[in-house]
Asks: 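Quick one: the structure is below, questions incoming.
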Number of protein chains: 2
Amino acid sequence: MARRAKAEKSLNVKQVRDAEATQALILAAAQEEFAQHGLTAARTEAIAAKTGVAKSMIYYYFKDKEGLYQAVLERSHSNLLQTTLQLDLAHLSPEAALEKFLTALLNCVSHNPKLPMIMFHEAVQNQGQYYKRSSSLSIDRTLVEILERGTATGAFRQLDPFQSAINIMGTCLFYFIGMGNIKHYPQGKRLLSKAMLEQHSQEAIALILAGVRKV
Amino acid sequence: MARRAKAEKSLNVKQVRDAEATQALILAAAQEEFAQHGLTAARTEAIAAKTGVAKSMIYYYFKDKEGLYQAVLERSHSNLLQTTLQLDLAHLSPEAALEKFLTALLNCVSHNPKLPMIMFHEAVQNQGQYYKRSSSLSIDRTLVEILERGTATGAFRQLDPFQSAINIMGTCLFYFIGMGNIKHYPQGKRLLSKAMLEQHSQEAIALILAGVRKV
DNA sequence: CAATCAACTGACAAGTCTGTCGATTACTGC
DNA sequence: GCAGTAATCGACAGACTTGTCAGTTGATTG
């Protein structure tokens with residue numbers, strides 16, 4: 001009831017029945033729920049409650065909980081995937097390519113901070129079943145290639161591209177995954193504020209670029 | 001039945017009833033289950049099945065699922081906590097202190113690769129409730145202090161100690177968290193083999209030390 | 001404006017999971 | 001070797017969850 005009723009009232013929209021809007025509402029609520037709890041521990045009841053539509057609509061549009069989960073995974077990743085694939089990094093120097101890649105990656109996750117949590121749950125609970133099938137691994141492959149190029153040309157120090165790619169992804173994404181623990185620091189800053197996200201991006205890029213550069 | 005029976009047979013032990021051994025067995029199985037599934041999605045039935053003792057023993061020794069969860073958290077963290085607190089880093093240069101800290105941290109998690117997963121279920125699902133109460137945050141505080149000292153003395157470049165501490169932890173721990181996804185890479189290496197763990201530690205330390213050093 | 005269809009609902013059947021309890025079996029001290 | 005106690009088990013009650021279904025309501029169209 002909550003969101004939909006409010007939206008309709010404030011916008012004075014007549015359309016009470018809108019299949020697409022309802023699906024979008026469910027997907028948004030589901031992304032939150034799955035991000036926090038993962039597939040198994042997520043409750044369809046809770047998702048329905050967040051949207052304000054009846055629980056049965058989940059089954060009407062997405063068949064079952066797993067269908068909804070798949071939809072959320074695809075929807076969450078598509079933006080990141082598209083962005084990284086469109087980067088056109090081949091003509092840049094390894095260092096410039098790396099910076100461009102990291103900027104794009106950090107920008108994506110800053111705008112969709114739930115994504116790393118979802119990835120994490122998929123990795124830990126479902127052993128990355130989805131990634132096995134999907135093309136999501138191509139993100140990391142792009143990074144590995146940059147690093148390979150950089151070590152080959154001598155722009156980067158002698159590092160293992162595979163291991164380093166993992167560690168670099170960790171530097172970028174850990175902030176979002178560890179949020180729940182991090183926020184208990186005395187600091188008491190809002191970790192998802194625009195300023196903090198911006199700072200995190202800058203710090204991560206600086207750390208990584210300095211970390212791979214030849215000494 | 002499985003493990004216990006086998007152990008007794010091979011060791012020819014008479015003692016079929018051993019409160020401590022049973023608790024240890026349960027804790028070990030629970031650690032695995034909670035690492036993979038988190039508190040809510042973990043199944044007491046599954047834990048019992050792994051141990052070979054009746055499910056009711058969980059309730060006998062740990063009161064309920066949450067009691068067992070708490071016990072697992074405490075047990076899993078104690079080693080890491082003790083190790084990092086005993087390091088005595090004050091008399092070392094920032095760079096040496098950082099290297100010593102990272103070596104200890106990576107050594108700990110390499111010997112207990114489930115720990116990062118548990119930490120992050122706690123962060124994501126339970127919003128770090130446990131860390132709020134426990135002294136686990138002191139690990140990160142240690143790291144922040146090293147970084148503060150390094151920037152103050154000019155040994156490290158101008159970085160934000162808080163943000164960088166998070167990013168550094170990410171570099172060290174992401175490998176273990178992302179395992180489920182990472183393993184689908186063409187490489188096809190065993191990520192938990194001694195050689196790979198050793199390589200990860202070296203690569204992570206190298207990346208971080210290079211990343212913080214003054215240019 | 002009536003008929004049709006898609007969107008939507010609430011109640012519920014069936015299954016799963018936790019936590020309890022009485023009964024049973026191994027150890028321990030007398 | 002007997003009595004008492006601690007450890008263990010299996011079955012089950014009760015709560016919670018998923019997914020279904022028959023029925024209702026709002027839009028659309030000839």
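Everything quoted here is computed from the prediction, not taken from an experiment. Throughout, a chain's letter reflects where its sequence line sits, starting with A, and its residues are numbered from 1.
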Asks: Excluding sequence neighbours, so at least two apart, what forms ring pair (Phe, Tyr, Trp, His ring centres under 6.0 Å) with Phe101(B)?
Replies: none
Asks: Tell me: CD of Glu45(B) to C1' of dT18(C), nearest whole Å?
Replies: 10 Å
Asks: Applying ring pair (Phe, Tyr, Trp, His ring centres under 6.0 Å), name anything that partners His121(A), two or more places apart in sequence or on another chain.
Replies: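 Ring pair (Phe, Tyr, Trp, His ring centres under 6.0 Å) list for His121(A), sorted by chain: His121(B).
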Asks: Which pairs count as ring pair (Phe, Tyr, Trp, His ring centres under 6.0 Å) when at least one residue sits in residues 62-89 of chain B, sequence neighbours excluded?
Replies: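 Qualifying pairs: Phe34(B)-Tyr69(B), His77(B)-Tyr130(B), His77(B)-Tyr131(B).
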Asks: Under a 4.5 Å cut-off applied to non-hydrogen side-chain atoms, are Gln129(A) and Glu122(A) in contact?
Replies: yes
Asks: Please table the atom pairs, donor to acceptor, closer than 3.5 Å between any side-chain atom in residues 109-119 of chain A and protein atoms at least two apart or in another chain.
Replies:
from	atom 1	to	atom 2	distance (Å)
Ser110(A)	OG	Leu106(A)	O	2.7
His111(A)	ND1	Asn107(A)	O	3.0

Asks: Residues of residues 54-70 of chain B with any non-hydrogen atom less than 4.0 angstrom from an atom of DNA chain D: list those, numerically ordered, please.
Replies: Ala54(B), Ser56(B), Met57(B), Tyr60(B), Tyr61(B)
Asks: List the residues meeting side chain to side chain donor-acceptor pair (under 3.5 Å) with Lys183(A), not counting sequence neighbours, and say none if there are none.
Replies: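 Partners of Lys183(A) by the side chain to side chain donor-acceptor pair (under 3.5 Å) criterion, ordered by chain and then number, come out as Gln127(B).
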Asks: What integer distance in Å separates Gln23(A):CD from dA7(C):P?
Replies: 8 Å
Asks: Go through the structure and list residues passing side chain to side chain contact (heavy atoms under 4.5 Å, CB included) with Lys100(B), not counting sequence neighbours.
Replies: Leu87(B), Leu89(B), Leu92(B)
Asks: Could you tell me how far apart Arg17(B) (CZ) and dT5(D) (C1') are, to the nearest whole angstrom?
Replies: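 Computing the Arg17(B):CZ to dT5(D):C1' distance gives 11 Å.
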Asks: So if I take residues 36-44 of chain A and measure heavy-atom distances to DNA chain D, which residues fall below 4.0 Å?
Replies: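 Contacting residues: Ala42(A), Arg43(A), Thr44(A).
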Asks: Could you pull out all residues at least two apart from Phe162(B) that satisfy ring pair (Phe, Tyr, Trp, His ring centres under 6.0 Å)?
Replies: Tyr185(A)
